[in-house]
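These notes concern the structure reproduced below.
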Amino acid sequence: MNDTVILQAKSLQKSYQLSTGESVEILKGIDLEIQKGEFVAIMGQSGSGKSTLLYCISGMDQVSGGSVMYNGKEIQTLSDDEISQVRLLSMGFVFQHSYMLKDFTIKENIMLPALKAGKVSKEQAAQNARIRMERVGISHIADSDITQVSGGQLQRAAICRALINQPAVLFADEPTGALNSRSTAEIMEIFNQVNAAGTTIIMVTHDVKVAARADKVIYLEDGQLRQEYRLGKWNDAETLQSREANLFAWLQQNGF
Ligand SMILES: Nc1ncnc2c1ncn2[C@@H]1O[C@H](COP(=O)(O)OP(=O)(O)O)[C@@H](O)[C@H]1O
Ligand SMILES: [Mg+2]
């Protein structure tokens, strides 16, 4: 594994044991390599194993076979504490819902992973939260209760929280799945900016418009990686519509 690769999965398998004792294989031997700075979208039909793959490559879930190398380390060889530390310090997570804690303000929620990591003072954590909120246009809701803001604002706050410890990789599972088209476009602008600043992004989505922002799309089918499609990094000269059209045509060939 050369040092431009941040994440590598080899023959990755994941099975679940059902209550009947029967074992079902969800991921059936996936080989995957993600370069530092890449923006990768994972697509595939519902139930194809996208979330499971994301959880396995980010150390949230244990694999049943094969290996996952993250930054040169095989994550199965790490203890639970070591994996937690890698996840806290080097990975950020965004899901369909923001999972903010209701007893804290927006800013306090964003600061939590920084306080948990304990690498900076409380004042510095607050300052880091303010900088991130400013970048995504939510400074004015810093002291709001999480019930007082919109879904799009909450998701922007979740991105700030995911980025507070300056992770190398941002993992996202259907980050725009609960948003309207306007908020979706705003969130994707932010993802492109975060990626342009150097953060690797690995994102599950079934929205072609969202995936068209990525450099590369990988397509899962029934727990296997069927194809990948390289769009290249998006630059302003290229229209999103043409990327979407090309990606859509490719997806249709794959039975999307
Ligand atoms: N904890 C679990 N136990 C048993 N089966 C599971 C579990 N989690 C997910 N699955 C099954 O694995 C398959 C893939 O799920 P998932 O990764 O969530 O798919 P996707 O994100 O592509 O919709 C589905 O058939 C789902 O029912
Ligand atoms: Mg899913």
Side-chain angles (χ1 to χ4, degrees), residues 7-34 38-68 70 75-76 80 83-84 87 91-100 151 154-155 158-159 161-162 169-181 183-184 187-188 191 200-214 216-229 231 247-248 250-256:
L7 209 153
Q8 187 181 58
K10 277 197 178 152
S11 311
L12 168 57
Q13 284 174 293
K14 176 70 182 175
S15 305
Y16 286 110
Q17 200 79 27
L18 301 180
S19 52
T20 57
E22 192 192 347
S23 163
V24 279
E25 198 177 17
I26 306 298
L27 300 179
K28 302 172 179 172
I30 291 188
D31 294 311
L32 180 68
E33 196 169 85
I34 292 169
E38 236 181 340
F39 182 175
V40 179
I42 302 173
M43 298 190 82
Q45 294 193 346
S46 182
S48 58
K50 303 180 296 294
S51 295
T52 305
L53 176 61
L54 199 74
Y55 302 157
C56 285
I57 61 178
S58 62
M60 275 171 83
D61 209 347
Q62 278 182 350
V63 307
S64 313
S67 68
V68 177
Y70 179 73
I75 53 179
Q76 301 93 290
D80 287 351
I83 292 174
S84 300
R87 295 187 48 223
M91 298 174 173
F93 295 86
V94 178
F95 301 95
Q96 185 168 347
H97 300 287
S98 68
Y99 299 111
M100 293 274 158
L154 266 186
Q155 200 58 322
I159 294 169
R161 183 184 55 190
V169 183
L170 178 64
F171 292 93
D173 193 357
E174 308 266 9
T176 60
L179 300 178
N180 61 29
S181 59
S183 294
T184 294
I187 294 295
M188 292 324 296
F191 270 48
T200 305
I201 301 181
I202 306 174
M203 169 187 75
V204 170
T205 184
H206 52 236
D207 185 339
V208 180
K209 274 185 165 21
V210 167
R213 302 283 195 142
K216 180 170 97 182
V217 177
I218 65 178
Y219 193 77
L220 268 189
E221 200 181 316
D222 193 22
Q224 285 180 301
L225 214 173
R226 292 293 184 201
Q227 295 285 345
E228 68 177 48
Y229 184 69
L231 288 146
L247 176 58
F248 188 67
W250 178 79
L251 286 167
Q252 284 201 308
Q253 287 167 16
N254 284 285
F256 180 71

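Atoms within each ligand, like the ligands themselves, are counted from 1 in listed order. Values below: every heavy atom of this structure, side chains too, minus hydrogens, waters and symmetry copies.
Within the protein, the number of N/O/S atoms found under 2.8 Å from the Mg ion (ligand 2) is 1.
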| side-chain contact (heavy atoms from CB on, under 4.5 Å) assessment of L251 paired with Y229 | CA-CA 9 Å; L251 286 167; Y229 184 69; over 6 Å; no
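At most 12 heavy atoms of other shown residues, nucleotides or ligands fall within 6.0 angstrom of atom CD in Q62. Other residues, nucleotides and ligands place no more than 12 heavy atoms under 6.0 Å from the CD atom of Q45. In the displayed structure, K209 atom NZ is contacted under 6.0 Å by at most 12 heavy atoms of other residues, nucleotides or ligands.
Every protein residue with a heavy atom nearer than 4.0 Å to ligand 1 is included here: Y16, I26, Q45, S46, G47, S48, G49, K50, S51, T52.
When side chains are defined from C-beta on, P175 counts as touching M203, because their heavy atoms get closer than 4.5 Å. Between I57 and L12, the closest side-chain pair of non-hydrogen atoms falls below 4.5 Å.
Applying the salt bridge (charged side-chain N to carboxylate O under 4.0 Å, His left out) rule to pairs touching residues 14-27 yields K14-D61, sequence neighbours excluded.
The salt bridge (Lys or Arg N to Asp or Glu O under 4.0 Å) search around R213 returns E189, not counting sequence neighbours.
Below 30°, between 30° and 60°, or above 60°: for F93 and F95 the angle between ring planes is below 30°, a parallel geometry.
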